[in-house]
Asker: 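Sharing a structure, written as structure tokens. Questions coming.
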Amino acid sequence: MGSSKYVEGKKALSKKTQIENQLKQRILLIDGGMGTMIQGYKLEEEDYRGERFADWQCDLKGNNDLLVLTQPDLIKEIHSAYLEAGADILETNTFNATTIAMADYEMESLSEEINYEAARLARIAADEWTAKTPERPRYVAGVLGPTNRTCSISPDVNDPGYRNVSFDELVEAYSESTRALIRGGSDLILIETIFDTLNAKACSFAVESVFEELGIELPVMISGTITDASGRTLSGQTTELSTTHCVT
């Protein structure tokens, strides 16, 4: 076990160094939206279900992350389209793939599998294009979305102190997703579309804890959502304060 972790750590270190070297030479372009591309296929309920989930107990239309299991060729086609357009970094199709977000579809138990398969599909597409032009390697960003819950704000206006998710629950969910994204072949981790810096802090803590657990270190990117001209997130923090909260 220790030897395996050491080998994984060496591989990750070399990829981290490679990315840093590439960034010194050129701007790396990240792909665009996955959801908007999926909408173009005009999928119906049966497309989301596939054979495996034909009898699932609730509606699945709109569960875009599930498509890595039921429509993998479609997701790979989207990845390839972005690579052909010039992308250097592919985002995994895992924006809502945490156990917390998957609860909307009663699919919490599939979170780990979805994250792993999403990273694996992106890895295949990236490697295919890297083989065509080895001087321009392509990379996979394992995406950790914000979840559909906020740790800083009550969802009940009549009970300001109520929270529908805890910091520890977020850490647990993000940790499971991070392990699967790394195992599937991610080169870096993208903490995406943050609207609550406490969620982001939980995610950052989970990612760093998994790195320590696995004995590796990947580059980490964070993107946030600013709601209006005030320059604040949905939960009211400024970008300067948000950065402090995420890294402390």
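Just so it is clear, the structure is predicted and the values come from calculations on it, not from any experiment. The first residue in the sequence is number 1, and the count goes up from there.
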Asker: Between Lys24, Lys16, Gln22, which is the residue that forms a side-chain hydrogen bond (donor to acceptor under 3.5 Å, both in side chains) with Glu20?
Answerer: Lys16
Asker: Taking NZ, NE, NH1 and NH2 as the nitrogens, is one of them in Glu84 or Lys132 under 4.0 Å from a carboxylate oxygen of the other?
Answerer: no
Asker: Taking only residues two or more places apart in sequence or in another chain, which ones pass salt bridge (charged side-chain N to carboxylate O under 4.0 Å, His left out) with Asp47?
Answerer: none
Asker: Quick one: OG1 on Thr92 to CZ on Arg123, what's the gap to the nearest 0.5 Å?
Answerer: 11.5 Å
Asker: Should Phe211 and Ile182 count as side-chain neighbours, where that means a heavy-atom distance under 4.5 Å?
Answerer: yes
Asker: With the side chain counted from C-beta on, respond yes when Cys58 and Trp56 share a heavy-atom pair under 4.5 Å apart, and no when they do not.
Answerer: yes
Asker: Any carboxylate oxygen within less than 4.0 angstrom of a Lys/Arg side-chain nitrogen, looking at Arg179 and Glu112?
Answerer: no
Asker: For Glu91, enumerate each residue passing the salt bridge (charged side-chain N to carboxylate O under 4.0 Å, His left out) test, keeping only those at least two apart in sequence or located in another chain.
Answerer: none
Asker: Does Val143 belong to the same Ile/Leu/Val/Met/Phe/Trp/Tyr cluster as Phe195, with side-chain heavy atoms less than 4.5 Å apart forming each link?
Answerer: no
Asker: Just by modelled atom types, is the Gly145 backbone N or O under 3.5 Å from a matching donor or acceptor in the Tyr174 side chain?
Answerer: yes
Asker: Report the residue from Val68, Thr70, Leu69 that forms a side chain to side chain contact (heavy atoms under 4.5 Å, CB included) with Ile75.
Answerer: Val68
Asker: With sequence neighbours excluded, tell me which residues meet side-chain contact (heavy atoms from CB on, under 4.5 Å) with Glu77.
Answerer: Tyr41
Asker: Under the side-chain contact (heavy atoms from CB on, under 4.5 Å) rule, collect the residues that match up with Thr130, sequence neighbours excluded.
Answerer: Pro137, Arg138
Asker: Report the residues that fulfil ring-ring contact (aromatic ring centres under 6.0 Å, His included) with Phe95, sequence neighbours left out, ordered by chain and then residue number.
Answerer: none
Asker: Can you check side-chain hydrogen bond (donor to acceptor under 3.5 Å, both in side chains) on Asn115 and Ser177, steps first, answer last?
Answerer: CA-CA 6 Å; Asn115 280 280; Ser177 293; 3.3 Å; yes
Asker: Is the closest basic N to carboxylate O distance between Glu46 and Arg49 below 4.0 Å?
Answerer: no
Asker: Decide yes or no for Ile19 and Asp187: does some side-chain heavy atom of the first lie under 4.5 Å from some side-chain heavy atom of the second?
Answerer: yes
Asker: Who are the side-chain contact (heavy atoms from CB on, under 4.5 Å) partners of Arg149, not counting sequence neighbours?
Answerer: Ile100, Thr147, Asn164, Val165
